[in-house]
Protein chains: 2
Amino acid sequence: MAASTQVLKRPVHFGSFLVTSQVFYSTAHSFALVNLKPLLPGHVLVCSNRVVPRLKDLSTDEVTDLFLTVQKVSKVIEKIYKADSLNIAMQDGVAAGQSVPHVHTHIIPRHFQDLPQEDQIYAMLESEDGDLGRNYLEAQHSAVMNNSARPKFPTVHPDAERKPRSEEAMAEEAKWLAGCMGEGEEGKGRL
Amino acid sequence: MAASTQVLKRPVHFGSFLVTSQVFYSTAHSFALVNLKPLLPGHVLVCSNRVVPRLKDLSTDEVTDLFLTVQKVSKVIEKIYKADSLNIAMQDGVAAGQSVPHVHTHIIPRHFQDLPQEDQIYAMLESEDGDLGRNYLEAQHSAVMNNSARPKFPTVHPDAERKPRSEEAMAEEAKWLAGCMGEGEEGKGRL
């Protein structure tokens with residue numbers, strides 16, 4: 001397993017999924033992790049420490065911490081991926097496309113004309129490939145969900161080319177990003 | 001004009017557009033407004049007071065205030081629109097679909113099976129109809145932009161049925177929402 005490469009020792013769960021080795025940044029109430037199957041390079045998530053499904057479930061301190069973390073992580077991600085912009089999106093509840101019942105914000109670096117049909121990123125978020133729960137189930141439990149109730153989005157370009165990443169690949173990226181988070185600072189809020 | 005119905009006296013701008021009568025909530029660093037052409041009923045925006053384009057341009061206090069306002073507004077919107085979930089999305093920069101260079105967060109109430117093809121909301125955000133800048137230009141300057149560089153999203157159902165709303169209609173909704181924001185509270189942070 002990835003025990004030798006993980007940068008955070010305490011176990012961290014994203015919903016019911018153990019994601020410890022994917023975490024690259026941690027604060028009092030939040031953590032950031034790399035993605036199992038990023039929609040675009042640099043696509044990361046920022047989650048509340050507490051496993052609750054909705055933004056309305058968070059305290060004032062937790063909301064504050066979550067979005068200051070989103071701001072901080074997004075600055076670093078934009079810089080190191082040389083992005084022009086960012087999509088920052090929260091699917092706050094099942095009817096909004098949330099597949100893991102744990103508050104999380106997507107941060108997706110964008111470049112001009114980075115997608116074949118340009119602005120497909122939200123469609124991709126809504127697609128089967130953006131279904132984090134399904135992705136994690138497949139990767140961690142080797143189960144294929146054939147009858148997902150979640151709608152597929154036909155305009156998304158072929159997903160078959162993109163396989164879920166290995167624990168090791170994700171841990172490596174998490175270590176790299178953990179290093180980037182501290183650059184030019186004294187490491188406050190680091191892991 | 002809507003001077004008689006507006007609930008906030010000081011002029012408020014969303015980018016270069018005067019939106020005073022559409023504002024229904026205001027805090028130290030943020031304001032919330034109803035939408036000219038909501039993608040779904042209850043689609044509102046929360047903006048920073050300062051007209052800056054990117055999340056990274058905001059101070060710690062401004063980020064904190066913005067997202068506590070998003071949380072508060074989203075709770076009220078979800079309740080009064082009897083929504084099941086919310087999409088909360090920020091197009092942070094032009095390459096991410098931002099059309100008005102002023103930090104703003106979309107809050108869109110969602111119901112199960114509320115769209116013909118279910119999860120089109122992000123595609124709609126990216127479409128011509130989600131182009132806030134174009135919408136405001138058309139409404140406030142009576143100019144039709146025929147050669148937008150912004151991509152159209154062909155899967156969006158016909159937009160022609162939905163016209164930009166009148167100043168009066170928006171001011172009425174803003175007044176109604178302003179009232180809802182204060183219910184059950186002592187009015188802290190009200191207009």
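In what follows, chains carry the letters A, B, and so on, assigned in the order in which the sequence lines appear, proteins first and then strands, with residues in each chain numbered from 1. Model, not experiment: these values are computed from the prediction.
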**Message:** I need the residue from Glu78(B), Lys75(B), His111(B) with the largest number of non-hydrogen atom pairs under 4.5 Å to chain A.
**Reply:** Glu78(B)
**Asked** Which answer fits Leu58(B), side chain, backbone, both or neither, if we ask what part of it has an atom under 4.5 Å from a heavy atom of chain A?
**Response** both
**Asked** Are any of the side-chain heavy atoms of Leu55(B) and Val70(A) separated by less than 4.5 Å?
**Response** yes
**Item:** Same apolar cluster: Val19(B) and Val51(B), side chain cutoff 4.5 Å
**Value:** no
**Prompt:** Do Phe67(B) and Leu68(A) have side chains that get closer than 4.5 Å, going by heavy atoms?
**Reply:** no
**Message:** Quick check against the 3.5 Å criterion: does Asn87(B) have a side-chain atom that pairs as donor or acceptor with the backbone of Ala96(A)?
**Reply:** yes
**Asked** Side-chain contact, heavy-atom cut-off 4.5 Å: Arg54(A) with Leu86(B)?
**Response** yes
**Request:** May I ask you to decide if Ser85(A)'s main-chain N or O and Asp92(B)'s side chain share a donor-acceptor pair within less than 3.5 Å?
**Result:** no
**Request:** Measure distances from Lys56(B) to the heavy atoms of chain A and classify the residue's part below 4.5 Å as side chain, backbone, both or neither.
**Result:** both
**Message:** Which atoms of Thr60(A) are under 4.5 Å from chain B, going by heavy atoms: the side chain, the backbone, both sets, or neither?
**Reply:** both
**Prompt:** Asp84(A), Thr105(A), Val63(A): which one forms the most heavy-atom pairs within less than 4.5 Å of chain B?
**Reply:** Val63(A)
**Request:** With rounding to the nearest 0.5 Å, note down the distance linking CD in Gln98(B) to CZ in Arg110(A).
**Result:** 12.5 Å
